[in-house]
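We name chains A, B, ... by the order of the sequence lines, and we start the count at 1 in each one.
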2 protein chains.
Amino acid sequence: MPKSQNRSNQGSHSRTRSDHATELAEDYVEAIAELCESLGSCRVVDLARHFEVSHVTVNRTVGRLVRDGYVKTEPYRPVELTAKGKRLAQMSSQRHAVVLKFLIALGVSQSVAEIDSEGIEHHVSKETLEAMQKFMDKNI
Amino acid sequence: MPKSQNRSNQGSHSRTRSDHATELAEDYVEAIAELCESLGSCRVVDLARHFEVSHVTVNRTVGRLVRDGYVKTEPYRPVELTAKGKRLAQMSSQRHAVVLKFLIALGVSQSVAEIDSEGIEHHVSKETLEAMQKFMDKNI
DNA sequence: ACACAAGTTTAGCATTGGCTACAATTTCAT
DNA sequence: ATGAAATTGTAGCCAATGCTAAACTTGTGT
Ligand SMILES: [Mn+2]
Ligand SMILES: [Mn+2]
Ligand SMILES: [Mn+2]
Ligand SMILES: [Mn+2]
């Protein structure tokens with residue numbers, strides 16, 4: 001028998017920890033894509049306002065994203081996504097949208113759904129995401 | 001007008017960060033209560049096994065819980081909850097149970113629901129929890 | 001042209017939460 | 001009663017993610 005080709009024999013808490021390790025990357029690439037779309041470019045200050053953290057925190061986080069290949073930067077220039085970053089942004093933002101619409105379909109108010117979905121999205125597996133989608137399809 | 005009596009005028013990302021700050025405390029008090037129930041007492045090694053981390057990590061985390069008043073310990077003795085810890089455990093474990101049952105009611109498999117609910121529970125507001133409960137009531 | 005404002009980076013700090021290696025204590029078996 | 005095993009604690013390491021203060025670069029307005 002194969003020696004566990006995927007990582008699915010980890011416990012729940014290990015999975016949650018690993019979700020948290022990728023969470024910031026997901027939120028950043030999503031925000032960078034949105035801000036590039038809406039403002040034409042994405043600056044460190046824009047991200048700082050978006051996440052309500054200091055611009056210094058953004059700077060170092062962006063540094064990790066560069067290290068991990070999601071983002072490219074030149075000194076004192078706006079932040080841009082790599083192809084890998086765009087793929088992650090696409091995936092994250094679709095999943096985020098499904099979770100948000102699902103909560104609203106469940107009867108949660110728009111403002112609370114927006115807040116809760118920001119945390120929940122990162123812990124929703126493919127199977128759960130499909131169940132949410134199916135629920136929305138069923139309920140028109 | 002009141003100067004915002006609660007913290008609800010924070011953005012989504014701030015809320016998510018604050019959820020994460022209390023997450024470990026919630027999981028630990030929940031686990032301590034469960035282990036005390038099932039094993040008669042809760043030792044550091046039991047928690048290490050439960051969370052799949054080293055006993056040293058458990059030790060320092062328990063130290064923070066003591067500092068924050070959730071737990072009491074004596075050297076080389078099992079870990080016990082304070083009244084405050086029991087209240088948090090009760091609250092967390094109820095919320096966790098609702099989220100888990102909700103995912104199962106949605107059609108997610110038991111094993112995946114157990115994993116996903118471990119992360120999702122900490123980001124579910126009162127309003128969303130009530131919506132989940134209402135959904136389960138409606139669907140028998 | 002050049003000063004000032006806006007934006008960015010660097011330096012340096014703290015906390016959390018992970019680890020290994022080793023020391024100390026308690027518990028258990030003989 | 002005593003030595004080994006299990007458990008707990010300490011020392012010291014690391015990465016991530018938050019901060020302020022200060023330096024540096026870029027871009028704007030006159
Ligand atoms: Mn998101
Ligand atoms: Mn998010
Ligand atoms: Mn949990
Ligand atoms: Mn989370």
Residue set satisfying ring-ring contact (aromatic ring centres under 6.0 Å, His included) with Tyr70(A), at least two apart, ordered chain then number -> none
Determine the interplanar angle of the Phe135(B) and Phe135(A) rings, folded into 0 to 90°, and report it as parallel if under 30°, tilted if 30 to 60°, perpendicular if over 60°.
perpendicular
Across nucleotides 12-21 of chain D, 5' to 3', mark each nucleotide with B, S or - according to how protein heavy atoms within less than 4.0 Å reach it.
----SBBBBB
How many whole angstroms separate atom CZ of Arg49(B) from atom C1' of dT7(D)?
10 Å
Can you list everything that forms a ring-ring contact (aromatic ring centres under 6.0 Å, His included) with His50(B)? Sequence neighbours excluded, please.
His13(A)
Please identify the 5'-most and 3'-most nucleotides of DNA chain C with any atom under 4.0 angstrom from a heavy atom of chain B.
dT16(C) to dT27(C)
Ring centres under 6.0 Å, that's the criterion: do His122(B) and His20(B) meet it?
no
From CG of Asn59(B) across to P of dT10(D) the rounded distance in Å is 7 Å
When you check the side-chain N and O atoms of Glu30(B) and Ser92(B), is any donor under 3.5 Å from an acceptor?
no
What residue pairs, at least two apart or across chains, pass side chain to side chain donor-acceptor pair (under 3.5 Å) with a residue in residues 127-140 of chain B?
Ser109(A)-Glu127(B), Asp116(A)-Thr128(B), Ser125(B)-Thr128(B), Lys126(B)-Glu130(B), Gln133(B)-Asp137(B)
To the nearest 0.5 Å, how far apart are CD in Glu118(B) and CD in Glu121(B)?
5.0 Å
How would you list, by chain and number, every residue that makes a ring-ring contact (aromatic ring centres under 6.0 Å, His included) with Tyr76(A), sequence neighbours excluded?
none
